[in-house]
J.: 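First the structure, which I've put down as structure tokens, then a few questions once you've had a look.
Scope of the values below: all heavy atoms of this structure, side chains included, with no hydrogens, waters or symmetry mates.
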Protein chains: 12
Amino acid sequence: MTPTIYILNGPNLNLLGVREPHIYGHETLDDVRQSCEAQAHSLGLQIDFRQSNFEGDLIESVHEARDHAAAIIINPAGYSFTSVALLDSLKAFDGPKIEVHISNIHKRESIYQTSLVSRTADAVIAGMGLRGYLAALKEVADRLAQNNA
Amino acid sequence: MTPTIYILNGPNLNLLGVREPHIYGHETLDDVRQSCEAQAHSLGLQIDFRQSNFEGDLIESVHEARDHAAAIIINPAGYSFTSVALLDSLKAFDGPKIEVHISNIHKRESIYQTSLVSRTADAVIAGMGLRGYLAALKEVADRLAQNNA
Amino acid sequence: MTPTIYILNGPNLNLLGVREPHIYGHETLDDVRQSCEAQAHSLGLQIDFRQSNFEGDLIESVHEARDHAAAIIINPAGYSFTSVALLDSLKAFDGPKIEVHISNIHKRESIYQTSLVSRTADAVIAGMGLRGYLAALKEVADRLAQNNA
Amino acid sequence: MTPTIYILNGPNLNLLGVREPHIYGHETLDDVRQSCEAQAHSLGLQIDFRQSNFEGDLIESVHEARDHAAAIIINPAGYSFTSVALLDSLKAFDGPKIEVHISNIHKRESIYQTSLVSRTADAVIAGMGLRGYLAALKEVADRLAQNNA
Amino acid sequence: MTPTIYILNGPNLNLLGVREPHIYGHETLDDVRQSCEAQAHSLGLQIDFRQSNFEGDLIESVHEARDHAAAIIINPAGYSFTSVALLDSLKAFDGPKIEVHISNIHKRESIYQTSLVSRTADAVIAGMGLRGYLAALKEVADRLAQNNA
Amino acid sequence: MTPTIYILNGPNLNLLGVREPHIYGHETLDDVRQSCEAQAHSLGLQIDFRQSNFEGDLIESVHEARDHAAAIIINPAGYSFTSVALLDSLKAFDGPKIEVHISNIHKRESIYQTSLVSRTADAVIAGMGLRGYLAALKEVADRLAQNNA
Amino acid sequence: MTPTIYILNGPNLNLLGVREPHIYGHETLDDVRQSCEAQAHSLGLQIDFRQSNFEGDLIESVHEARDHAAAIIINPAGYSFTSVALLDSLKAFDGPKIEVHISNIHKRESIYQTSLVSRTADAVIAGMGLRGYLAALKEVADRLAQNNA
Amino acid sequence: MTPTIYILNGPNLNLLGVREPHIYGHETLDDVRQSCEAQAHSLGLQIDFRQSNFEGDLIESVHEARDHAAAIIINPAGYSFTSVALLDSLKAFDGPKIEVHISNIHKRESIYQTSLVSRTADAVIAGMGLRGYLAALKEVADRLAQNNA
Amino acid sequence: MTPTIYILNGPNLNLLGVREPHIYGHETLDDVRQSCEAQAHSLGLQIDFRQSNFEGDLIESVHEARDHAAAIIINPAGYSFTSVALLDSLKAFDGPKIEVHISNIHKRESIYQTSLVSRTADAVIAGMGLRGYLAALKEVADRLAQNNA
Amino acid sequence: MTPTIYILNGPNLNLLGVREPHIYGHETLDDVRQSCEAQAHSLGLQIDFRQSNFEGDLIESVHEARDHAAAIIINPAGYSFTSVALLDSLKAFDGPKIEVHISNIHKRESIYQTSLVSRTADAVIAGMGLRGYLAALKEVADRLAQNNA
Amino acid sequence: MTPTIYILNGPNLNLLGVREPHIYGHETLDDVRQSCEAQAHSLGLQIDFRQSNFEGDLIESVHEARDHAAAIIINPAGYSFTSVALLDSLKAFDGPKIEVHISNIHKRESIYQTSLVSRTADAVIAGMGLRGYLAALKEVADRLAQNNA
Amino acid sequence: MTPTIYILNGPNLNLLGVREPHIYGHETLDDVRQSCEAQAHSLGLQIDFRQSNFEGDLIESVHEARDHAAAIIINPAGYSFTSVALLDSLKAFDGPKIEVHISNIHKRESIYQTSLVSRTADAVIAGMGLRGYLAALKEVADRLAQNNA
């Protein structure tokens with residue numbers, strides 16, 4: 001059976017490609033989704049790609065992933081830095097968890113530097129733009145293969 | 001008239017009994033609800049037992065309690081540590097407010113040690129598991145009796 | 001065409017006039033809305049006045065404002081101090097952004113003193129009660145006139 | 001054999017009921033002792049109820065409890081916040097340890113907010129006045145029953 | 001009798017309009033004075049408009065206001081962040097006190113973010129440029145009317 | 001009846017005059033006692049002069065003072081900086097409380113600079129050596145006279 | 001020759017007795033001056049009693065004291081907490097330096113708790129009201145006598 | 001011409017595969033080198049793979065890269081957290097700079113959480129083990145292609 | 001005359017060998033005493049070996065040592081981190097002062113890392129178990145020999 | 001035309017050569033002025049040399065320099081560490097600004113280590129005594145020559 | 001086979017006996033080496049005694065010790081406080097690790113108080129001068145004997 | 001004999017004139033060396049001009065200077081902020097020590113603001129570019145002349 005990977009996107013990411021394109025590039029979140037689908041397909045995976053501006057929605061997607069997903073890729077955006085509740089939900093997910101940030105958050109002002117989610121993520125990728133999602137999918141595929149080996 | 005007690009449960013508590021049972025025990029949130037109902041009944045109270053992963057839902061339940069509840073018992077879980085908005089809503093509730101935590105949060109890593117909600121709660125019970133809810137109900141009953149005396 | 005101003009109100013503001021009237025006064029949020037409508041009318045503006053207890057709702061109203069509003073007036077209440085996500089959404093709005101607080105938050109306990117939203121607001125008005133909204137509308141009108149000049 | 005519970009009270013608690021009755025109520029420490037004895041009796045327990053203003057006395061009571069007590073209930077009062085030595089003694093006690101505070105310490109000025117003793121206590125009850133001791137006894141009984149089950 | 005409002009301006013504000021006009025605009029302090037006079041006249045108030053680079057002068061103006069002014073509007077500029085003495089003088093003034101900053105200080109580097117004067121001001125207006133003084137005068141008029149009502 | 005003043009001396013003060021005389025002078029604690037007795041006599045007061053190296057002893061002297069003393073003069077020495085329990089005991093004493101330090105503690109290394117006892121003392125005298133006790137007695141006499149007036 | 005003592009009073013002390021009499025009492029600064037003159041006379045001293053709201057004035061009075069005064073008594077008020085320059089000037093004065101505060105500053109909010117002047121003062125008296133000045137004069141007399149002995 | 005990528009490895013990485021294999025895996029640094037070579041080859045790149053335990057060596061490799069490398073991939077290991085000098089050298093390199101950590105440093109104790117090197121890196125990959133290097137090479141290839149496009 | 005060395009042991013050390021033997025080993029405090037006696041004898045010294053759970057007792061033993069001991073070896077246990085009073089007493093002892101900790105306190109949680117006593121100790125030995133006492137005795141013997149040379 | 005350089009000296013510098021000569025040397029401020037005049041003359045510059053103990057005076061000298069000086073050399077003394085207002089005035093001066101300290105402030109206690117003025121100064125010279133002024137004049141001459149080149 | 005003990009000395013220790021002999025004594029590092037050799041011989045050990053001013057050298061000596069040494073004694077001198085890389089290398093050494101400091105670092109200024117190396121050392125000896133090395137050798141011998149027993 | 005001055009340059013300074021010329025200017029380190037040689041010659045001094053990217057090299061140059069140099073001028077660059085070991089080596093050099101920084105480090109981000117080396121330097125010059133070295137040589141010449149006078 002093709003494993004499903006949840007790809008969760010946090011607040012304001014629906015504006016990707018529209019907001020400050022000189023920083024975040026011209027690719028929209030839909031472009032990200034399509035690239036991820038292609039990449040997943042080539043890796044023998046399928047994805048469930050979601051975005052929400054609600055902390056509660058993201059938490060419930062993580063809960064749902066417990067039953068339906070083999071791994072989670074999450075770009076928690078603004079909730080990275082403030083949501084203990086999201087961190088707690090992710091702690092309750094046993095599969096691989098990869099955190100992705102489009103920009104290198106460690107270069108930004110101090111409120112953007114310390115992600116709570118990183119306390120439970122297996123790996124963190126920051127600053128690779130859309131390509132960060134693809135690298136995360138590759139990492140997930142490798143980890144799942146490793147676990148099955 | 002039988003007084004109603006709102007028992008509010010924050011994010012991820014829907015996973016109780018399922019998530020990390022060696023820490024949180026095997027009782028589910030539904031077990032908690034049933035025990036609370038029995039305890040409430042024996043104390044001459046009735047309960048309205050809710051769980052939400054949304055900060056806004058919890059706030060609106062607190063608002064609703066202003067008209068329909070004699071007291072609030074709340075386990076704010078991850079929002080304990082981050083929600084000024086939930087704190088503000090509770091400040092606007094005049095009846096007894098008891099805060100419950102299943103584990104002793106004061107023994108955990110620093111991000112879990114300081115509850116904002118404790119700034120307005122009348123009493124705080126931590127580390128007594130499911131029994132913490134029952135002790136909170138008992139405390140509510142005693143406080144209501146005292147106020148009526 | 002009459003420019004629309006979004007006036008966004010954060011958590012617990014639906015209790016205005018009811019909660020602690022000795023502090024916040026007896027005017028309700030509906031009174032605020034009506035005063036704002038009158039003031040907007042006299043300034044050649046129209047308003048879209050909203051309140052939500054959900055962080056995600058406020059973020060989505062800000063997103064919507066990108067297409068439908070000439071300016072935003074926001075009283076983020078409890079989310080002022082904790083929401084990086086709301087801050088991020090406001091950074092993506094290009095028109096005038098005025099932050100309003102009913103009380104002078106700088107006189108309160110430390111958790112209420114540093115608004116994240118102030119990092120992107122053009123102007124901040126605190127401590128003027130209902131009148132703060134009217135002054136904010138006046139400021140918006142002046143800024144829009146200036147931009148058109 | 002009836003298990004013995006040590007109930008240890010820290011500095012200034014001998015003034016209970018006399019000092020600031022508008023805050024701490026009119027019940028004296030002797031009232032607390034009598035209520036605890038009654039509650040213990042009904043739970044099939046007996047208590048050894050002590051108060052001392054000396055850090056060393058409290059430590060030695062904890063040592064003594066290693067041989068004579070099934071559980072400890074402790075209200076460390078002012079030593080909660082400053083005594084690493086008392087914390088260390090409690091770490092060497094293997095049975096249930098319940099920490100009780102008459103008022104909700106988390107609402108007080110900062111020097112009263114962080115109890116060192118909470119780092120080793122199994123559970124913490126704050127803000128329930130005299131009733132906190134009774135809830136602690138109930139919790140002890142439940143834990144002992146559980147251990148014997 | 002026409003109430004007098006003291007409008008006090010702190011250090012370096014004599015350079016307004018001359019210093020960094022791209023930030024502070026081209027209006028001089030004299031322009032501010034004239035606009036304030038017009039606004040005051042239309043509100044049935046008169047103003048006493050002063051600027052000083054000396055902390056002691058500002059303090060003595062506040063003392064003088066105790067006998068001669070119905071309200072104080074103050075832009076403490078650089079002394080906002082360092083003068084406990086100016087704060088103390090304002091605490092001794094009983095009428096309305098409105099603090100004005102031309103730019104939004106909360107967006108600036110950390111030494112400019114926390115005004116000591118805000119601890120006693122009734123209201124704070126930041127980021128509205130010259131218009132901040134006019135809004136402050138309007139607020140003063142409304143507060144005086146309210147007090148007389 | 002001649003009012004009694006408790007003069008309490010904390011840890012290591014029994015070494016006064018012996019330890020580091022170039023700093024603390026050559027007067028012993030007995031010299032201090034004798035000077036205090038003479039001064040008290042001339043002011044129509046009598047004193048109960050004590051020293052202890054035990055925190056618990058000092059607390060119990062404060063408790064005793066509740067019934068037997070009109071005022072307390074205390075040099076808490078090393079316990080000034082660490083004893084919340086001693087602070088709590090003094091909060092329960094209603095008469096005048098004067099804190100005395102032989103040296104000016106504010107000039108010393110940081111661990112000696114912040115006295116917890118100062119949070120409840122009515123007045124603090126530091127750096128006047130033995131004379132600090134005499135000034136404290138004079139202050140007590142004046143306060144008692146004032147209260148009786 | 002009768003030694004002269006400079007008694008320097010910092011900002012806002014000219015309002016003494018007028019401002020918040022329930023806290024600072026009804027005695028004016030002129031009352032303080034007269035009491036000090038009487039006390040000085042009885043101790044064989046004369047005083048030069050000054051008040052200024054200007055940091056520079058206080059510094060220059062300290063400089064002048066180098067040539068004309070045997071000792072300085074200073075109540076630096078608001079400058080206590082912020083003036084490194086005043087501290088530096090006092091470091092250059094070799095005679096006895098006594099710091100006086102009318103209220104017990106150590107009980108106040110944090111910005112009022114740490115006096116820079118205390119780093120060089122020989123003694124500090126806080127919380128004794130007008131009597132603090134008289135005790136300071138007595139201390140000066142004793143120190144001068146001691147130096148002459 | 002085939003672009004050269006410098007892959008720099010900091011202190012203790014020569015022990016990879018030998019030290020704590022349960023954490024860092026069984027692959028040695030030579031395995032990493034070989035995998036990188038293969039990956040580079042398939043991407044049309046060549047690599048210069050180095051390890052040093054000397055801060056100065058790493059700095060000089062970065063300097064050398066200015067003339068000989070199209071991009072730098074660096075795992076600064078222990079120097080990540082302490083070397084301002086290494087950070088400065090990297091600031092002087094204009095091509096793509098990717099920082100790699102074998103484990104997720106953000107989950108470790110505080111001294112390992114804040115990398116100075118991240119202040120200048122374009123992207124950061126942590127927690128992907130050996131695969132992190134391969135993803136970094138892929139990222140470099142994509143960035144170089146993009147720059148050439 | 002054989003010099004006497006005071007060996008002082010702080011709170012909870014009476015439980016040595018009993019409490020957490022996997023950490024602290026199986027040797028009891030009496031074993032430590034006997035080893036110290038043997039070691040002292042071989043070095044031409046005699047010891048006075050004490051343990052107390054009371055801060056005041058330890059302080060008074062230090063005072064007594066001023067007259068009866070040539071050196072002090074102290075394991076202050078929990079009071080290491082909190083007792084300014086014990087630190088002060090040791091400052092008044094002129095002979096060699098060696099501080100011993102059974103475990104390496106610097107590896108423990110933060111509350112156990114900074115010993116106040118180390119501010120006055122001549123040497124500190126941590127992590128050598130019972131052998132730390134013997135090394136301390138050897139150090140004392142060497143220092144006394146050196147002083148006599 | 002000979003360019004004029006303002007050389008501004010802050011509080012207490014009028015005591016130079018008189019106060020603590022073992023630290024600050026025996027040269028008076030007048031000696032500094034004369035050396036500066038000679039040095040300026042040889043560099044084709046003229047100086048306006050001032051000292052004030054008033055923050056406001058220094059600010060107004062900086063304002064005046066905007067019209068009359070080609071460069072500013074300033075030794076802000078005690079105001080270095082506390083005056084945001086002085087910093088602001090210097091930000092409004094466009095020519096070269098050199099900060100001079102007679103001693104090496106970075107070696108002193110912490111309150112003297114961080115100069116606010118350094119945030120805007122072009123260069124800082126500390127620890128070179130009177131020679132620091134001469135080096136500053138040389139630097140000013142070189143910068144003016146460079147600008148004219 | 002005689003076990004080899006690596007004794008590693010950090011930066012500036014080559015100046016021992018030459019630099020500040022009043023503090024560090026007159027014994028040179030060569031004297032330390034000779035005493036260690038004698039002591040090692042008597043304990044049935046041999047030593048490899050090294051000093052380097054290079055962080056990288058010390059790290060590589062620790063790596064080398066993995067194959068050639070039974071234990072490490074290290075005086076990391078200035079690198080104690082700054083080298084995460086040295087700490088990491090020591091974490092990869094499994095045998096006994098004893099940290100030695102010639103002076104009692106805990107009495108020095110704050111930058112010298114917290115050794116990173118102590119986080120992995122088994123034992124720490126500070127303030128015993130040359131004798132600290134001998135005590136460390138004795139401790140190593142005892143630990144090796146214990147392990148072999 | 002012509003005194004020799006060591007001029008030591010820390011990491012990355014070999015890139016001077018090449019790296020970010022808009023900030024650091026176009027002069028290379030070799031230009032600095034030549035200017036220093038000329039300046040030294042005219043002052044009757046000779047220089048030994050070195051650069052290293054290795055902390056250990058700089059330390060050993062300082063050691064060497066003990067025998068061969070009359071003074072040290074050092075630009076520690078990135079090691080200024082992190083090297084306790086370099087600070088320690090400089091403390092062991094008795095002659096004049098002048099610290100030079102090309103840019104004004106006090107205006108940079110916080111990690112570049114506090115130089116450890118400044119704790120032992122006699123004087124610090126920052127922000128004068130190449131001219132800072134020449135001013136330092138002049139200062140050295142003056143100090144040596146003074147010492148010989």
Side-chain angles (χ1 to χ4, degrees), chain F residues 8-30 50-62 74-87 89 99 101-106 108-118 126, chain I residues 6 8-12 14 48 50-72 74 76-97 99 105 110-122 124:
Chain F
L8 306 178
N9 295 281
N12 300 303
L13 285 167
N14 51 320
L15 297 186
L16 201 68
V18 187
R19 173 174 65 135
E20 304 175 90
H22 57 292
I23 298 179
Y24 296 103
H26 287 85
E27 286 158 323
T28 66
L29 196 63
D30 200 60
R50 304 172 177 197
Q51 189 272 337
S52 175
N53 297 310
F54 287 77
E55 194 175 1
D57 274 343
L58 292 165
I59 291 166
E60 298 194 344
S61 284
V62 174
I74 185 164
N75 178 344
Y79 291 138
S80 308
F81 315 108
T82 64
S83 178
V84 171
L86 183 56
L87 165 61
S89 70
E99 182 182 357
H101 295 279
I102 288 179
S103 68
N104 176 2
I105 56 173
H106 309 296
R108 301 187 59 189
E109 345 159 29
S110 64
I111 57 165
Y112 294 104
Q113 277 173 20
T114 307
S115 165
L116 290 168
V117 168
S118 298
Chain I
Y6 272 36
L8 307 178
N9 294 281
N12 300 303
N14 51 321
D48 189 329
R50 306 174 176 195
Q51 189 273 338
S52 176
N53 297 310
F54 288 77
E55 193 175 3
D57 273 343
L58 292 165
I59 290 166
E60 298 195 344
S61 284
V62 174
H63 291 179
E64 197 184 308
R66 288 168 47 93
D67 292 325
H68 299 97
I72 292 175
I74 185 164
Y79 292 138
S80 308
F81 315 108
T82 63
S83 179
V84 171
L86 183 55
L87 165 62
D88 285 350
S89 70
L90 284 159
K91 280 186 179 167
F93 180 83
D94 292 332
K97 292 166 278 194
E99 181 181 356
I105 55 173
S110 64
I111 56 165
Y112 294 103
Q113 279 174 19
T114 305
S115 165
L116 290 168
V117 167
S118 298
R119 292 172 175 243
T120 189
D122 294 297
V124 182

J.: Measure the shortest side-chain to side-chain distance between F:Ile102 and F:Leu13 over non-hydrogen atoms and say whether it is less than 4.5 angstrom.
T.: yes

J.: Quick one: CG on I:Asp122 to CG on I:Leu90, what's the gap to the nearest 0.5 Å?
T.: 10.0 Å

J.: Considering only heavy atoms, which portion of I:Leu58 lies under 4.5 Å from any heavy atom of chain F: side chain, backbone, both, or neither?
T.: neither

J.: What are the two closest non-hydrogen atoms of F:Gly10 and F:Ala77, and how far apart are they?
T.: C-CB, 4.1 Å

J.: Which value, rounded to the nearest 0.5 Å, describes the distance between I:Ile74 atom CD1 and I:Leu8 atom CG?
T.: 5.0 Å

J.: Are there donor-acceptor atom pairs under 3.5 Å between chain I and chain F, and if so which?
T.:
residue  : atom : partner  : partner atom : Å
I:Glu60  : OE2  : F:Asn53  : ND2          : 2.9
I:His63  : ND1  : F:Asn14  : ND2          : 3.0
I:His63  : NE2  : F:Asn12  : OD1          : 2.6
I:Ala85  : O    : F:Asn12  : ND2          : 3.0
I:Asp88  : OD1  : F:Tyr112 : OH           : 2.4
I:Lys91  : NZ   : F:Glu109 : OE2          : 3.4
I:Lys91  : NZ   : F:Tyr112 : OH           : 2.8
I:Arg119 : NH1  : F:Glu109 : OE1          : 2.8

J.: Specify the closest pair of heavy atoms between I:Ala65 and I:Ile72, including all atoms of both residues, with the distance to one decimal.
T.: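 Residues I:Ala65 and I:Ile72, closest heavy atoms: CB-CD1, 3.7 Å.
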
J.: Would you name the heavy atoms of I:Gly56 and F:Phe54 that are closest together and state the gap between them?
T.: C-CZ, 3.5 Å

